[in-house]
Protein chains: 2
Amino acid sequence: MTPAMTTATPSRRERLRAETIADIKDAARRLLVTGGPTAISLRAIARDVGLTAPALYRYFDGLDALVLAIVSDLFEDLRTTVQDIAADHAGEEALTRIAHMARGFRRWALAHPAEFALMFGSPVPGVTPFSGLCGPIVDAGARFGETFFAVLGEHYEHHPYVGEPHDLPDAALRELLRPYTETFGDRFPLPVVYLFVAAWTRLYGIVAMEVFGHLAWATTDVEPLFEVELARTVRQLAR
Amino acid sequence: MTPAMTTATPSRRERLRAETIADIKDAARRLLVTGGPTAISLRAIARDVGLTAPALYRYFDGLDALVLAIVSDLFEDLRTTVQDIAADHAGEEALTRIAHMARGFRRWALAHPAEFALMFGSPVPGVTPFSGLCGPIVDAGARFGETFFAVLGEHYEHHPYVGEPHDLPDAALRELLRPYTETFGDRFPLPVVYLFVAAWTRLYGIVAMEVFGHLAWATTDVEPLFEVELARTVRQLAR
DNA sequence: GCGAATCGGTGAACGGCGTTTACCCTTGCA
DNA sequence: TGCAAGGGTAAACGCCGTTCACCGATTCGC
């Protein structure tokens, strides 16, 4: 709340504070990767950082707030990862770029299973309330979705949606997708959004099942299946 | 280990024991539905049942074992639910029966979000080890999958798989799906199994995202999307 | 019928957890 | 120089899973 609330003159105090916050987050993420989401505990973090547990309350409102902040950071990490992949393939067809991004998403998830579980797993507390009280996470998730929407937008610039008659009347669709339009506006024809959400659920389904080990009964290597589903989905997205 | 290890002569002691076990499980499931997976605690259960926490160790090896037993029960519940739906639609086309079963799966998941999270959510501890040390769950999950495979079998009796050339050579496919064949044998052509797993990941993806609240940013009512995806998937399964 | 073993239960304790409170020292600013 | 705010601590409360020693009742073999 000082006049220098932006990044101007980080004032010794603020610098130390920022460092401590970074240390806390680092410790939390170390615990996350080594022991899973439940291994994140204030006392363990405090031990790692060299503080006592109550001291952490000077930096976060409690364990939930800390985890929330970390989830936001993770979304940002994942977003830049996917974004970079999109940039690496600049110039290629938009839909093939999306395919690359989807592969990057899967790779990231497999490389960071605990983080993925924290971000995309079951929100334990009240099963849904978790998603309720987390404005920052919604924002971070929105920015993440934005990167996909951006590339999808490129595609529909060159291949405008021709509007094959959809099962749902447009009025009903507009009502259904109101949460989307409230967040992202109306950049796309609603049937396109619909297709995109369907594609996203497929990507999530196969990656989540793989990361959570729910496909171990079926196969040793999910990658071929992933590629087949990805090809099908992108083809469908190209309508 | 008594000579009457089967259900013969339930011997007073065994009867009381079975009742207590049922009470414990009931209490645990009450806690599960009211407070989510993390609300299951030995002490809370003991309070509900009218015991002390250590007493529960006479019935279960610890919290994890108890939760494991409950997950097995839940899989059995879900299995009979889906099975009953299949029976209700006996005589109909096999693939439309599968569609009904899929709808039943979604309905059950939406009606039992906490249970669903426990069964199909992120296995928190070591992210994968959970699935590792749980033979009974694998069995229960296998029985659950079996009910779908049974109906799928009916379909391929009447419409034998014609074997459109698959992207993968059969030898590679056999290797990939070895875990499946070890559990379920070789009742189906492997490409069929492949199609089935793909269908299952789609069903899981859309239902899990809905139950976990990960689709709230997009839509208020997932059902139309679900129906569209279901139709697409069943159509694909009919190849 | 009686002794002995097993079963099922308890209370106490250990260590870990999140969180709150009261207190303190240091830093930074007027 | 003084004083307020920031950042830290120790102690405590009430949860948790788990282990241990102990004990009464039940059951079983003789």
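Just so we're on the same page: letters track the sequence lines, and every chain starts at 1.
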Members of residues 45-54 of chain B that approach DNA chain D, where some heavy atom sits under 4.0 Å away: B:R47, B:A53, B:P54
Figure out the [atom1]/[atom2] separation between [X] and [N], and round it to whole Å.
X: A:F60; N: C:dG18; atom1: CZ; atom2: P; result: 14 Å
X: B:L16; N: C:dG9; atom1: CG; atom2: P; result: 9 Å
X: B:R43; N: C:dT10; atom1: CZ; atom2: C1'; result: 13 Å
X: A:I40; N: C:dG16; atom1: CD1; atom2: P; result: 19 Å
X: B:E14; N: C:dG8; atom1: CD; atom2: C1'; result: 15 Å
X: B:L31; N: D:dC16; atom1: CG; atom2: C1'; result: 13 Å
X: A:D61; N: C:dG18; atom1: CG; atom2: P; result: 15 Å
X: A:Y59; N: C:dG18; atom1: OH; atom2: C1'; result: 19 Å

So which nucleotide from D:dG7, D:dG17, C:dT19 ends up closest to the side chain of B:L42? D:dG17
Picking from C:dG9, D:dG17, C:dT19, the nucleotide nearest the side-chain atoms of B:A55 would be C:dG9
Find every protein N or O atom lying less than 3.5 Å from an N or O atom of nucleotides 24-30 of chain C, and list the pairs.
residue : atom : partner : partner atom : Å
C:dG28  : OP1  : A:R12   : NE           : 2.7

Residue-phosphate contact under 4.0 Å: B:Y57 side-chain N/O, D:dC20 OP1/OP2: no
side-chain N/O B:R17 vs C:dC7 OP1/OP2, d < 4.0 Å: no
List the atom pairs, donor and acceptor, that lie under 3.5 Å between side-chain atoms in residues 69-76 of chain A and the rest of the protein, sequence neighbours left out.
residue : atom : partner : partner atom : Å
A:S72   : OG   : A:L68   : O            : 3.4
A:D73   : OD2  : A:K25   : NZ           : 3.0
A:E76   : OE1  : A:R143  : NE           : 3.3
A:E76   : OE2  : A:R79   : NE           : 3.0
A:E76   : OE2  : A:R79   : NH2          : 2.7

Closest non-hydrogen atom pair between B:L63 and B:S41, with its separation: CD1-CA, 4.4 Å
Is it possible for you to check whether A:R103 lies under 6.0 Å from the centre of the six-membered ring of A:F226, through NZ or CZ, and within 45° of that ring's axis? no
Check this for me: does any side-chain nitrogen of one of A:E146 and A:R187 sit under 4.0 Å from a carboxylate oxygen of the other? yes
Whether B:E175 and B:R178 form a salt bridge (side-chain N of Lys/Arg under 4.0 Å from carboxylate O of Asp/Glu) is what I want to check. yes
With ring pair (Phe, Tyr, Trp, His ring centres under 6.0 Å) as the test, would you mind laying out the steps for B:W200 and B:F149 before giving the verdict? CA-CA 11 Å; B:W200 171 238; B:F149 274 121; over 10 Å; no
Tell me whether A:D186 at atom CG has more than 12 heavy atoms from other residues, nucleotides or ligands lying less than 6.0 Å away. no
Is the closest side-chain heavy-atom distance between A:T201 and B:R202 below 4.5 Å? no
Min side-chain heavy-atom separation A:T181-A:L190 under 4.5 Å: yes
